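Here it is: the structure, laid out below.
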Amino acid sequence: MILTKAAITAAIATGEISIDPFDPGRLSPNAYDWRLGETLRICDGHLDAARPTTFTETTIPGSGTVLEPGVLYLGVTYEKTGSETYAQMLNGDRTTGSLGIWVHVSAPLGHVGHAIRWTLEIRATKPVRVYPRMTFGKLIFLATAGDRASYQHTGGKYAATEGIDISRLYTELAGDPR
Ligand SMILES: O=c1ccn([C@H]2C[C@H](O)[C@@H](COP(=O)(O)OP(=O)(O)OP(=O)(O)O)O2)c(=O)[nH]1
């Protein structure tokens with residue numbers, strides 16, 4: 001079940017949902033309009049699931065940065081969001097989609113009990129200039145069914161990280177003979 005604007009507002013008031021910074025003007029009927037943060041990691045080398053990803057980190061200036069096709073960018077949400085009660089789904093929106101931007105690569109789920117600035121895996125269809133703190137997509141909150149477990153307490157790979165993080169699969173594959 002998706003939370004409406006009224007339900008998100010009520011959950012913010014009780015502390016069941018945190019969005020920091022929170023701007024009520026960014027609420028739409030069923031979502032919160034989140035923003036792109038200022039830091040980008042440019043991953044333009046070869047990727048290997050068993051090794052840490054190499055990258056160069058840059059700050060997006062006020063005049064913007066052009067995203068190029070064929071490059072994987074790891075970005076971050078401007079807002080830190082979390083809930084011990086609701087699951088979250090982060091996606092792009094009609095506007096970023098129309099600019100040919102993918103805001104993540106098939107990873108929309110935010111677990112109950114994970115309060116974070118989200119890592120974004122950004123790709124561009126065509127060269128496109130993006131700006132820090134521009135609206136980048138929609139975040140929805142979902143009521144859960146069944147017993148809840150907090151990601152923070154269940155040993156998730158990313159429980160100890162906040163903000164941009166590279167794939168941590170290499171930590172699981174480290175002792176794996178190949
Ligand atoms: O694009 C994304 C997707 C998820 N997350 C955060 C929210 C989520 O709570 C956590 C873990 O996501 P997921 O379960 O998809 O990651 P995993 O690779 O399966 O790791 P784990 O084994 O810890 O579940 O990472 C992001 O920051 N960016």
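Computation of the quantities below employed the complete heavy-atom set of this structure, encompassing side-chain atoms and omitting hydrogens, waters and symmetry-equivalent molecules. Quantities reported herein were computed from a predicted structural model and do not represent experimental measurements. Both ligands and their constituent atoms are indexed starting at 1 by order of listing.
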- Message: In terms of relative ring orientation, are Tyr151 and His114 parallel, tilted or perpendicular, with 30° and 60° separating the classes?
- Response: tilted
- Query: Leu120 pairs by side-chain contact (heavy atoms from CB on, under 4.5 Å) with which of Trp102, Tyr73, Trp34?
  - Reply: Trp34
- Message: Regarding ligand 1, does Ala107 bring an N or O atom to under 3.5 Å of one of the ligand's N or O atoms?
- Response: yes
- Thr81 and Gln88: side-chain donor and acceptor closer than 3.5 Å? yes
- Item | Lys/Arg cation over aromatic Tyr170: Arg51, 6.0 Å, 45° cone | no
- Query: Within the structure, does Tyr151 bring an N/O atom to less than 3.5 angstrom of an N/O atom in ligand 1?
  - Reply: yes
- Which atoms of ligand 1 sit under 4.0 Å from any heavy atom of Gly110? 7 (C), 8 (C), 9 (O)
- Salt bridge or not for Lys157 and Glu172, using N-O below 4.0 Å? yes
- Message: Between Arg148 and Thr85, is there a side-chain donor-acceptor contact under 3.5 Å, judged purely by atom types and distance?
- Response: no
- Under 4.0 Å from one or more heavy atoms of Trp118, ligand 1 contributes atoms 5 (N), 26 (C), 27 (O), 28 (N)
- Enumerated ligand 1 atoms positioned under 4.0 Å from heavy atoms of Leu109: 4 (C), 7 (C), 8 (C)
- CA sep, side-chain torsions, deciding dist, call: Arg129, Ser63, side-chain hydrogen bond (donor to acceptor under 3.5 Å, both in side chains): CA-CA 9 Å; Arg129 185 173 290 274; Ser63 55; 4.9 Å; no
- Heavy-atom contacts with Thr119 under 4.0 Å: which atoms of ligand 1 show up? List them by number with element. 1 (O), 2 (C), 26 (C), 27 (O), 28 (N)
- Item | Check: Ser98 side chain, Arg94 main-chain N or O, donor-acceptor pair, under 3.5 Å | yes
- Message: Going by a strict under-4.0 Å cutoff (protein heavy atoms only), does atom 15 (O) of ligand 1 have a neighbour on the protein?
- Response: no
- Message: Please confirm whether the ring centroid of Phe141 lies under 6.0 Å from the ring centroid of Tyr32.
- Response: no
- Item | Numbering as shown, the atoms of ligand 1 that approach Gly156 to under 4.0 Å (heavy-atom distance) | 23 (O)
- Has ligand 1 got any nitrogen or oxygen that is less than 3.5 angstrom from a nitrogen or oxygen of Lys157? yes
- What is the closest protein heavy atom to atom 13 (P) of ligand 1, and at what distance does it sit? His111 NE2, 3.9 Å
- Message: I need the atoms of ligand 1 closer than 4.0 Å to a non-hydrogen atom of Ile116, numbered in the order shown.
- Response: 6 (C), 7 (C), 27 (O)
- Which heavy atom of the protein is the closest neighbour of atom 9 (O) of ligand 1, given with residue, atom name and distance? His114 ND1, 2.6 Å
- Query: Which atoms of ligand 1 are found less than 4.0 Å from any heavy atom of Tyr158?
  - Reply: 18 (O), 20 (O)
- Task: Run the numbers for me: atoms of ligand 1, each under 4.0 Å from some heavy atom of Glu121, listed by number.
- Result: 1 (O), 2 (C), 28 (N)
